[in-house]
Amino acid sequence: MNRNRRNQLKWKLEKYAIPNLTLYLIICYAIGYLLQYLAPSVFGYLLLDPFLIFKGQIWRLVTWVLIPPENTNIFFVLIMCYLYYSLGNLLERIWGTYKYNVYIFSGILFTILGALVLALYCVIRDAQPCAVYGYTVPGAYQLANGSIIYFGQFSTYYINMSIFLACAASIPDVQVLLMFIFPIKVKWLGIVYGIMLVINCIQGGFATWIVIGFSLLNFIIFFIRSRGKMKISPRQVKRQHEFRQKMRSAEYERRSVTKHKCAVCGRTEEDGDDLEFRFCSKCNGNYEYCQYHLFTHEHVK
């Protein structure tokens, strides 16, 4: 696809981009934690389980985004949500709403693709639904060698992790307040999370490699495409933000200019589709009037 076609596609889809998308991800987290504590049995109906999706439970293609990371420390959860929100909004201001939407939704689609690949692996390895004390565990399947594959690993945790990695790659010198107290550069957070991901892969085995690899495929593609031109300084971030604000202000002022305005009542074409405007030939100057004052006004001499 050449540049012109990409631009045309962007112009067509840009109007559907969701502003402040990170906030909706945080809301999904909040709903997921509430369900975890208030109705834990519902969780089994939210998992991204391809075997059940193919049996008609299509809602699982969407509801898995409600599954939050496993954590019982509410204070840590709030801190992480704050970091997700602040860095996600910062990334959206730098990239623009459309590009940020593409980044997040591509991560979601790649995660679904990863679940399908893992399901194919389960079929090849002759996996069967896992049962404990006679009860089937939702989303869990036991392979012929006795190992367990759990589709509950698929959540937006790694998609949000990709936000950290993208910020670390794009704006490494921007500082955030860790624990609301300690200033730290985003690049150090990215390094720490990168090490954590490697440790998780080593400890988790093949299934974890699939989960993490496909969930972060959007960042891998971004890293390859942006190689050598991805770093942005805090000063550039500020300049881009101010430029977008000026462009929005200019666009608003341009749209606020009207073509017609009655010299008596001040009404414009935006005040009603039935309004008509005419210039008066007897007035000295270009004076325009609506149909209600065209014949009743005092002529300007």
Side-chain angles (χ1 to χ4, degrees), residues 18 20-85 88 101 104-123 127-143 147-163 196 200 203-205 207-218:
I18 303 173
N20 205 10
L21 181 58
T22 312
L23 176 62
Y24 296 104
L25 292 177
I26 300 300
I27 291 175
C28 289
Y29 264 31
I31 295 174
Y33 279 114
L34 287 176
L35 291 175
Q36 187 176 10
Y37 289 107
L38 300 179
S41 59
V42 177
F43 252 51
Y45 297 96
L46 306 179
L47 301 178
L48 182 59
D49 188 337
F51 293 104
L52 296 178
I53 291 174
F54 289 130
K55 291 182 179 180
Q57 299 183 14
I58 306 297
W59 66 82
R60 294 177 181 271
L61 290 171
V62 178
T63 55
W64 66 271
V65 299
L66 298 176
I67 300 176
E70 294 183 5
N71 199 300
T72 57
N73 191 328
I74 188 63
F75 181 67
F76 182 78
V77 169
L78 292 176
I79 291 177
M80 294 302 297
C81 287
Y82 171 76
L83 282 175
Y84 288 148
Y85 180 73
N101 272 239
I104 296 299
F105 283 113
S106 62
I108 292 175
L109 292 177
F110 287 140
T111 301
I112 296 174
L113 179 61
L116 295 176
V117 171
L118 190 58
L120 178 61
Y121 174 76
C122 290
V123 172
Q128 299 296 326
C130 182
V132 178
Y133 299 114
Y135 294 95
T136 302
V137 180
Y141 295 87
Q142 187 172 14
L143 305 182
S147 58
I148 304 297
I149 300 294
Y150 181 52
F151 284 92
Q153 296 181 79
F154 290 98
S155 70
T156 54
Y157 172 71
Y158 294 111
I159 295 174
N160 283 318
M161 189 76 75
S162 70
I163 296 175
M196 290 171 55
N200 289 339
Q203 294 178 343
T208 304
W209 277 99
I210 293 294
V211 173
I212 295 178
F214 277 88
S215 298
L216 296 180
L217 195 56
N218 58 338

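As a basis for the values below, the full set of heavy atoms in this structure was taken, side chains included, without hydrogen atoms, waters or symmetry mates. From a predicted model like this one, the values you see are computed outputs, not experimental measurements.
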**Q** Who are the side-chain hydrogen bond (donor to acceptor under 3.5 Å, both in side chains) partners of Thr63, not counting sequence neighbours?
**A**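 With sequence neighbours excluded, Thr63 shows a side-chain hydrogen bond (donor to acceptor under 3.5 Å, both in side chains) to no residue whatsoever.
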**Q** Using only atom types and a distance under 3.5 Å, with no angle test, would you say the side chain of Gln153 pairs donor to acceptor with the backbone of Tyr150?
**A**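 Between the backbone of Tyr150 and the side chain of Gln153 there is a qualifying donor-acceptor contact (under 3.5 Å).
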**Q** With under 30° as parallel and over 60° as perpendicular, where do the rings of Tyr29 and Tyr33 fit, or are they tilted in between?
**A**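 Aromatic pair Tyr29/Tyr33 classed perpendicular.
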**Q** For atom OH of Tyr121, is the number of surrounding heavy atoms from other residues, nucleotides or ligands below 6.0 Å larger than 12?
**A**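 More than 12 heavy atoms, drawn from other residues, nucleotides or ligands, come within 6.0 Å of this atom.
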**Q** Applying side-chain contact (heavy atoms from CB on, under 4.5 Å), can you list everything that pairs with Val123, at least two apart in sequence or on another chain?
**A**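 Counting only residues at least two positions away or on another chain, Val123 forms a side-chain contact (heavy atoms from CB on, under 4.5 Å) with Phe51.
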**Q** Over all heavy atoms of both residues, which pair between Pro50 and Leu116 is shortest? Give the atoms and the distance, please.
**A**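 Heavy atoms of Pro50 and Leu116 come nearest at CB-CD2, 3.9 Å.
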**Q** For a 4.5 angstrom cut-off between non-hydrogen side-chain atoms, does Leu25 reach Asn160?
**A**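 Yes, at least one pair of side-chain atoms sits under 4.5 Å.
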**Q** Take Ile18 and Phe105 through the test side-chain contact (heavy atoms from CB on, under 4.5 Å) and record every step on the way to the result.
**A** CA-CA 11 Å; Ile18 303 173; Phe105 283 113; 3.9 Å; yes
**Q** Just wondering, do Val211 and Phe154 contact through their side chains at under 4.5 Å, heavy atoms?
**A**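 Yes, their side chains come closer than 4.5 Å.
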**Q** Please tell me if the side chains of Leu47 and Arg60 come closer than 4.5 Å, counting only heavy atoms from C-beta onward.
**A**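 Answer yes - side chains close enough.
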**Q** Which residues pass the side-chain hydrogen bond (donor to acceptor under 3.5 Å, both in side chains) test with Thr111, not counting sequence neighbours?
**A**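 Listed in chain order: Ser215.
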**Q** Decide if the gap between the ring center of Phe151 and the ring center of Tyr141 is smaller than 6.0 angstrom.
**A**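 Ring centroids of Phe151 and Tyr141 are less than 6.0 Å from each other.
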